[in-house]
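In what follows, a single structure is set out as structure tokens and then discussed.
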Protein chains: 2
Amino acid sequence: MTEAPKPYHHGDLFDALARVAEELVRETGIHGFSLRECARRAGVAHSAPAHHFGDVTGLLSEVSARGFERLTARMQAHRAGTEGPEALERIARGYVDFALGDPVVFVLMLHSDRVDRGNPRCQRAGDAAFGELVAAVSSARSGAGRDNEVLRFAWAAIHGIAMLLVDGPLMPAGGNRRGGAIELAEGTIRRIVHSVMTYTEDRG
Amino acid sequence: MTEAPKPYHHGDLFDALARVAEELVRETGIHGFSLRECARRAGVAHSAPAHHFGDVTGLLSEVSARGFERLTARMQAHRAGTEGPEALERIARGYVDFALGDPVVFVLMLHSDRVDRGNPRCQRAGDAAFGELVAAVSSARSGAGRDNEVLRFAWAAIHGIAMLLVDGPLMPAGGNRRGGAIELAEGTIRRIVHSVMTYTEDRG
DNA sequence: AGATAATCTTGTCACTGGAAAGATAGGAGT
DNA sequence: ACTCCTATCTTTCCAGTGACAAGATTATCT
């Protein structure tokens, strides 16, 4: 039939493994992830990934890097070229939306010890993603000063609501987890933006 | 000599295992944790923990529950009976201080898939800890309304700064991680408190 | 004292990640 | 065309893991 002849050389095993790993980690969770199962699904021997990624940390780091790339794209899509406070509000929504849509990968990216955050690809992709946030804060404040402080504040609040909704105590119990969570996040995000905009005035 | 005769029955293996597990998870990280190594250090057979905790998730859930108890105590100690905005500021400092002092356990408690957050002990201890935060926000606002909204906002910001400093991109690179991080957190915490206090006025 | 239940040990299982050594293929240079 | 060299992938092996089952030991209750 249409059975592939299964050539010895896969052709693009690096990419294929990264994709399968992403799927697998979503299914099984971070701890449940298995290199052998991953290789199995990609149709290669269990030691094949080692040549491309070194070890399981290397593979999951690649998954993390791709996650950051998707996060960047998501935030850009949400921002859609806007400026000012609206830009920040949209970027924040993009951040939370990504987290809610891909919770396992999100936690993997930022808070898992199975990823090497010193990994160059990971770091570059992470910097790019956070660059979007920096740019949005900057656009919202348009040079009003206190940049580092206000950036930390904004980032912390956005990241915090994402983490609490995705994987923490604020997680809605019911069925449509994502819907309820987004709704909860909305108010908090608006409040964060407001707080960022008034940063200078109400504190010396 | 003073060699213990190593009785068949340990006496308080539940507690001993929980302690050893806490230490071990600190040393090896969440993923590196091993039930067998834990049993080894406690001086019992590798299957002994199963009887008390079921499986490794049960054991780590106990570690998590104890973490919440320590978090509660830490926050109470920081608050020291104060009221109003100061209470919230101190509680927030306690939260961040705990996270920075015990980062692995902190991440385990809130964002690990090796813990069963439905576990009764875990849930009760978690509720107690978050009760401290609720009480502090309530004291700071003294019945100014919008309680759920403002609570989510405060919690998200506090949790966010803790996570980013402990295990994320804001983590200071240098040696005295904790010192630098606390300093960074201070400004953010003050800002959070301020924002909580002005919640009603500057938004309809 | 004797029965019953709780606690702990020994032994086994399938599974995991990593290392080593061999098989296969592609490419460069002659 | 032919050989060498290297990258890719497979097979084989090893120590380690969590869970389970069955047996040994001790505490508790009547």
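Note that the structure is predicted; figures quoted are calculated from it, not measured. By convention in this document, chain letters (A, B, ...) are assigned in the order of the sequence lines, proteins followed by strands, and residues within each chain are numbered from 1.
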Of all of residues 20-30 of chain A, which get a heavy atom below 4.0 angstrom from DNA chain C, listed by number?
none

Near-strand residues of residues 54-64 of chain A, defined as heavy-atom separation under 4.0 angstrom from DNA chain C
D55(A), V56(A)

Does [X] put a side-chain nitrogen or oxygen below 4.0 Å from OP1 or OP2 of [N]?
X: S34(A); N: dG17(C); answer: yes
X: H51(A); N: dC9(D); answer: no
X: R114(A); N: dT16(C); answer: no
X: R40(B); N: dT17(D); answer: yes

Please report the closest heavy-atom contact between R90(A) and H78(A), naming both atoms and the distance.
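Looking at all heavy atoms of both residues, the closest pair is NH1-O, 2.9 Å.
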
Do the ring planes of F153(B) and F153(A) sit parallel (below 30°), tilted (30 to 60°) or perpendicular (above 60°)?
perpendicular

Hey, does the Lys NZ or Arg CZ of R74(A) hover above the aromatic six-ring of F98(A), less than 6.0 Å from the centre and inside 45° of the axis?
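No, a cation-pi geometry is absent between R74(A) and F98(A).
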
Mind checking whether Y95(A) and F130(A) have ring centres under 6.0 Å apart?
no

Would you mind telling me which residue lines up with the more 5' stretch of DNA chain C, H46(B) or F14(B), judged by nearest nucleotide?
F14(B)

What's the closest nucleotide to the R36(B) side chain, out of dT17(D), dC13(D), dC9(D)?
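Shortest atom-to-atom distance from the side chain points to dT17(D).
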
Distance-only polar pair, side chains of R114(B) and H31(A), donor-acceptor under 3.5 Å:
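Side-chain D/A pair, R114(B) to H31(A): present.
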
S195(A) and R191(B): side chain donor to acceptor below 3.5 Å:
yes

